[in-house]
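Structure, as structure tokens:
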Amino acid sequence: IDLIEVNNEIDEVIKITGIAEPVDSMVIIDDVLNNELRDATLKIARKLSIMNPRIIIKEMPEVEKTDTGHDKVASILENEGKEAIFGTPDFNYQTIRISAYPGYNAYPDKLIYVIAHELCHKILHSLDRGRPHNEKDERETDFAAVLLGFGNSYISAKNVDNGLGYLSMDEALFLEGKSS
């Protein structure tokens, strides 16, 4: 682990997102366990300061694989028309379409983290328009989700599935310590 490189990446993301209090995932876990994915996603969105979105969930029939071999259990579906910018009223009241695999509720922290990660894509993309998506975006999105309070869910889920996310466990623990 190159802590200097990680620290520089963290600083880049902090400039955009800041740092938030850790989220108590227990207030979201019941929704996940009861297959109330829309309610869970709405709570996660509010924790990320997306205050009043209209959430539409499209269920994925099975887990897909990304180009890098990661499990893809959720993704943000593109909105038609112009995307709103994070922090504006339009962003807070937009319709957010998420494709998610509901069978992932066997480990709620994992699903909570994946949804938080996908919503962070929406936040970061709204602030960095025009940049083509790449692998670094995935790492920055993991940094943002951890810094915005979902580090406990990430570390808990990473303990069960080491292949989760784009950060190593050492990086996640370092980042969680830095954000505390």
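No experiment lies behind these values; they were computed from the predicted model shown.
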**Message:** Test of understanding: with side-chain contact (heavy atoms from CB on, under 4.5 Å), list the residues that count as partners of N152, not counting sequence neighbours.
**Reply:** P22, E176
**Request:** State whether the side chain of S126 and the backbone N or O of F86 hold a donor-acceptor pair below 3.5 Å, judged by distance alone.
**Result:** yes
**Request:** Only pairs at least two apart or in different chains count here, so list each salt bridge (charged side-chain N to carboxylate O under 4.0 Å, His left out) that has a residue in residues 47-58.
**Result:** none
**Prompt:** When rounded to the nearest 0.5 angstrom, what is the spacing between CG in D39 and CD1 in I44?
**Reply:** 11.0 Å
**Request:** Keeping the roles fixed (side chain from N92, backbone from M51), state whether a donor-acceptor pair exists under 3.5 Å.
**Result:** yes
**Item:** Value rounded to 0.5 Å, distance of CD in E9 from CG in L175
**Value:** 10.0 Å
**Asked** Taking C-beta and beyond as the side chain, do V23 and S153 meet within less than 4.5 Å on heavy atoms?
**Response** no
**Fill in**
The reported gap from OG in S99 to CZ in R97 (rounded to nearest 0.5 angstrom) is 12.5 Å
**Asked** Do the side chains of I57 and V73 join up, straight or via other hydrophobic residues, at under 4.5 Å, putting them in one cluster?
**Response** yes
**Message:** Between H117 and T141, does the side-chain hydrogen bond (donor to acceptor under 3.5 Å, both in side chains) criterion hold? Intermediate values first, please.
**Reply:** CA-CA 6 Å; H117 172 95; T141 303; 4.9 Å; no
**Prompt:** Going only through I, L, V, M, F, W and Y residues with side-chain contacts under 4.5 Å, is there a path from V27 to L48?
**Reply:** yes
**Request:** Would you name the heavy atoms of Y101 and P61 that are closest together and state the gap between them?
**Result:** CE1-O, 3.6 Å
**Fill in**
Exactly one candidate in I56, I115, L77 meets side chain to side chain contact (heavy atoms under 4.5 Å, CB included) with I98; the answer is I115
**Prompt:** How would you list all residue pairs meeting salt bridge (charged side-chain N to carboxylate O under 4.0 Å, His left out) that involve residues 146-156, not counting sequence neighbours?
**Reply:** none
**Request:** Verify, without hydrogens or angle tests, whether T88 (side chain) and I85 (backbone) share a donor-acceptor contact under 3.5 angstrom.
**Result:** yes
**Message:** I want to know whether Y113 and Y154 have ring centres closer than 6.0 Å.
**Reply:** yes
**Message:** Would a single hydrophobic cluster contain both M60 and L111, if residues Ile, Leu, Val, Met, Phe, Trp and Tyr are joined by side-chain heavy-atom contacts under 4.5 Å?
**Reply:** yes
**Asked** With side chains defined as the heavy atoms from C-beta onward, is the minimum distance between L42 and R46 less than 4.5 Å?
**Response** yes
**Euclidean distance, I28 CD1 relative to I112 CD1, rounded to 0.5 Å** = 5.0 Å
**Request:** Please identify each residue that fulfils side-chain contact (heavy atoms from CB on, under 4.5 Å) with E59, with sequence neighbours left out.
**Result:** P102
**Message:** For a 4.5 angstrom cut-off between non-hydrogen side-chain atoms, does P53 reach T95?
**Reply:** no
**Message:** Is there a continuous path of hydrophobic side-chain contacts, each under 4.5 Å between heavy atoms, that joins L148 to L127?
**Reply:** yes
**Message:** Going by side-chain contact (heavy atoms from CB on, under 4.5 Å), name the residues that satisfy it together with K122, two or more places apart in sequence or in a different chain.
**Reply:** I76, N79, E83, F91, Q94, I96
**Asked** Does D30 offer a backbone N or O that forms a donor-acceptor pair with the side chain of N34 under 3.5 Å?
**Response** yes
**Prompt:** What are the two closest non-hydrogen atoms of I155 and A172, and how far apart are they?
**Reply:** CD1-O, 3.9 Å
**Prompt:** Who passes salt bridge (charged side-chain N to carboxylate O under 4.0 Å, His left out) against K43, sequence neighbours left out?
**Reply:** D31
**Asked** Linking I/L/V/M/F/W/Y whenever any side-chain heavy atoms sit under 4.5 Å apart, do M169 and Y166 land together?
**Response** no
**Item:** Atom pair CD/NE2 of E140 and H121 - distance to nearest 0.5 Å
**Value:** 10.5 Å
**Request:** State the CZ-CG distance between F150 and L119, to the nearest 0.5 angstrom.
**Result:** 8.0 Å
**Request:** Give a yes or no on whether the backbone of S168 and the side-chain of E171 come within a donor-acceptor separation of less than 3.5 Å.
**Result:** yes
**Request:** Measure the shortest side-chain to side-chain distance between R139 and D142 over non-hydrogen atoms and say whether it is less than 4.5 angstrom.
**Result:** no
**Asked** Between the side chain of K158 and the main-chain N/O of L167, is any donor-acceptor distance below 3.5 Å?
**Response** yes
